[in-house]
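These notes are about the structure you will find just below.
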Amino acid sequence: MHEGHISLVTRCAAECDLCVVSVFVNPTQFNDKGDLERYPRTPEADAALLEKNGCDIVFMPSVEEMYPEEDTRRFNFGSLETVMEGAFRPGHFNGVAQIVSKLFYAVEPQVGYFGEKDFQQVAIIREMVRQLNIPVEVIACPIIREESGLAKSSRNTLLTEEQRKKAAKISKVLRESVKFVGVKTVKETIEWVEEQFSDDAEFRMDYYAIVDGDTLQDVNDWNDSSFIVGCIAIYLGKIRLIDNIQYKK
């Protein structure tokens, strides 16, 4: 766990009578087995950190407990799941919906706190809650960043010291691109962002998309929506990093 997770915990503890935190690396949302195997797991340190920060109950189940048998449910999130992460990680959001619905059913919370770094995931969870009529309010919380600007992520621990410095470029480029609203076209802005990483072979971009913040569909013009977000997924070496920036809200 990192400060991004803890920011969700402290907000929950401040706003609710009881704070329950689930810690579970969910195998059904990983379409890359290598990524699943590499994903950092520090249960004892996580539990100690949670206890210090207002968590009342830690739910840290085993895979066997959450999946005593195969979960064969198939969700349909329409156009929300066919873009960005959904296009590059087939089956990922079905796995997210499987595990988050299971956790909601197990804990029965009134409120669920999720980080905006996983911007598309929040939209998927809100749609899942609507489809399944789960009585929970989904609250999105701001991205927590390292001093360099790099979005906090469990995967950051897998970066070398040199890569970590280099990764700060992601948020720097996104912040700079905000000044292009109304100056460059959306297409020109996307091209500019992509160009900033083209001269370094260690970076490999999956996508940079500028989308409507509610529908997640591409916008072609800055006037197409009053809520516009830029979302990026990029590899630095073998480590895949995501981030986003709001252009209009």
Can V178 be reached from Y208 by stepping across I, L, V, M, F, W or Y side chains whose heavy atoms are under 4.5 Å apart? yes
salt_bridge(R145, D243) N-O dist < 4.0 Å: yes
Any idea which heavy atoms bring S22 and L103 closest together, and the distance? OG-CD1, 3.6 Å
Does R155 use its side chain to pair, donor to acceptor, with the backbone of I239 at less than 3.5 Å? no
Do I6 and L50 make a side-chain contact, defined as non-hydrogen atoms from C-beta onward lying under 4.5 Å apart? yes
Check the angle between the aromatic planes of Y39 and F30 and answer parallel, tilted or perpendicular using the 30° and 60° thresholds. perpendicular
Is there a path from L8 to V21 through hydrophobic residues (I, L, V, M, F, W, Y) whose side chains come within less than 4.5 Å of each other? no
Take E137 and V129 through the side chain to side chain contact (heavy atoms under 4.5 Å, CB included) test and state the conclusion after the steps. CA-CA 9 Å; E137 179 187 2; V129 163; over 6 Å; no
Is there a chain of hydrophobic side chains (I, L, V, M, F, W, Y, each step under 4.5 Å between heavy atoms) that links M1 to I99? no
Using modelled atom types only, decide if a donor and an acceptor are shared between the side chain of Q120 and the backbone of M84 within a distance under 3.5 Å. no
Do V122 and F227 sit in the same hydrophobic cluster, where Ile, Leu, Val, Met, Phe, Trp and Tyr count as joined when their side-chain heavy atoms come under 4.5 Å apart? yes
Closer than 4.0 angstrom, basic N to acidic O: yes or no for E162 and K166? no
Has the side chain of Q98 got a donor or acceptor atom that lies under 3.5 Å from a matching backbone atom of R73? yes
Can you find a pair of side-chain heavy atoms, one from N94 and one from T28, that are under 4.5 Å apart? no
Are any side-chain N or O atoms of D56 and backbone N or O atoms of C19, one a donor and one an acceptor, separated by less than 3.5 Å? yes
Does CD belonging to E51 count more than 12 external heavy atoms closer than 6.0 Å? no
What distance do I234 atom CD1 and E194 atom CD have between them, rounded to the nearest 0.5 Å? 9.5 Å
Heavy-atom check, side chain of F75 versus side chain of V96, under 4.5 Å: no
Quick one: CD1 on I245 to CZ on R175, what's the gap to the nearest 0.5 Å? 7.5 Å
Using side chain to side chain contact (heavy atoms under 4.5 Å, CB included), reason through S154 and H5 one step at a time and then give a plain yes or no. CA-CA 9 Å; S154 299; H5 298 127; 3.5 Å; yes
Would you say the side-chain atoms of Q131 pair up with the backbone N or O of N76, donor to acceptor, closer than 3.5 Å? yes
Using the rule that two of Ile, Leu, Val, Met, Phe, Trp, Tyr join whenever any of their side-chain heavy atoms come within less than 4.5 Å, decide whether V173 and L236 are in one cluster. yes
Using the side chain to side chain contact (heavy atoms under 4.5 Å, CB included) definition, which of the options E37, H92, R38 pairs with D32? R38
pair I143-F119: side-chain heavy atoms closer than 4.5 Å: no
Full working for side chain to side chain contact (heavy atoms under 4.5 Å, CB included) between S101 and L132: CA-CA 9 Å; S101 60; L132 298 180; 3.9 Å; yes
Within the side chain of K102, is there an N or O that forms a donor-acceptor pair under 3.5 Å with the backbone of M66? yes
Distance from Y67 atom OH to E64 atom CD, nearest 0.5 Å? 12.0 Å
Within the structure provided, determine whether H2 and N156 are in side-chain contact (heavy-atom separation under 4.5 Å). no
With rounding to the nearest 0.5 angstrom, report the SG to CG distance, C12 to L18. 8.0 Å
Just by modelled atom types, is the L80 backbone N or O under 3.5 Å from a matching donor or acceptor in the E127 side chain? no
Side chain N31, main chain G91, donor-acceptor under 3.5 Å: no
Would you please indicate yes or no on a ring centroid separation below 6.0 angstrom for F93 and F77? no
Would you check if R204 and F197 make a side-chain contact, meaning some heavy-atom pair closer than 4.5 Å? no
Side-chain heavy-atom pair Q196, E176 within 4.5 angstrom cut-off: no
Short N-O contact, R240 and D206, less than 4.0 angstrom: yes
Between the side chains of S7 and Y113, does any donor sit under 3.5 Å from an acceptor? no
Test item: K248 side-chain N/O and S225 main-chain N/O as donor-acceptor pair under 3.5 Å: yes
Describe, in one word, how the ring planes of F114 and F104 are oriented to each other, choosing from parallel (under 30°), tilted (30 to 60°) and perpendicular (over 60°). perpendicular
Measuring from K152:NZ to L150:CG, what's the distance to the nearest 0.5 Å? 8.5 Å
Show your working on side chain to side chain contact (heavy atoms under 4.5 Å, CB included) between V83 and Y207 and close with a plain yes or no. CA-CA 10 Å; V83 297; Y207 63 82; over 6 Å; no
Passing candidate, side chain to side chain contact (heavy atoms under 4.5 Å, CB included) with Y247, options I228, V186, V219, V211: I228
With rounding to the nearest 0.5 angstrom, report the OG1 to CG distance, T215 to D224. 10.0 Å
Within a reach of under 6.0 Å around CG of D199, are more than 12 heavy atoms found that belong to other residues, nucleotides or ligands? yes
Aromatic ring pairing F180/W192, orientation class (parallel under 30°, perpendicular over 60°, tilted between): perpendicular
Compare all side-chain heavy atoms of M128 with those of I134 and state whether any distance is below 4.5 angstrom. yes
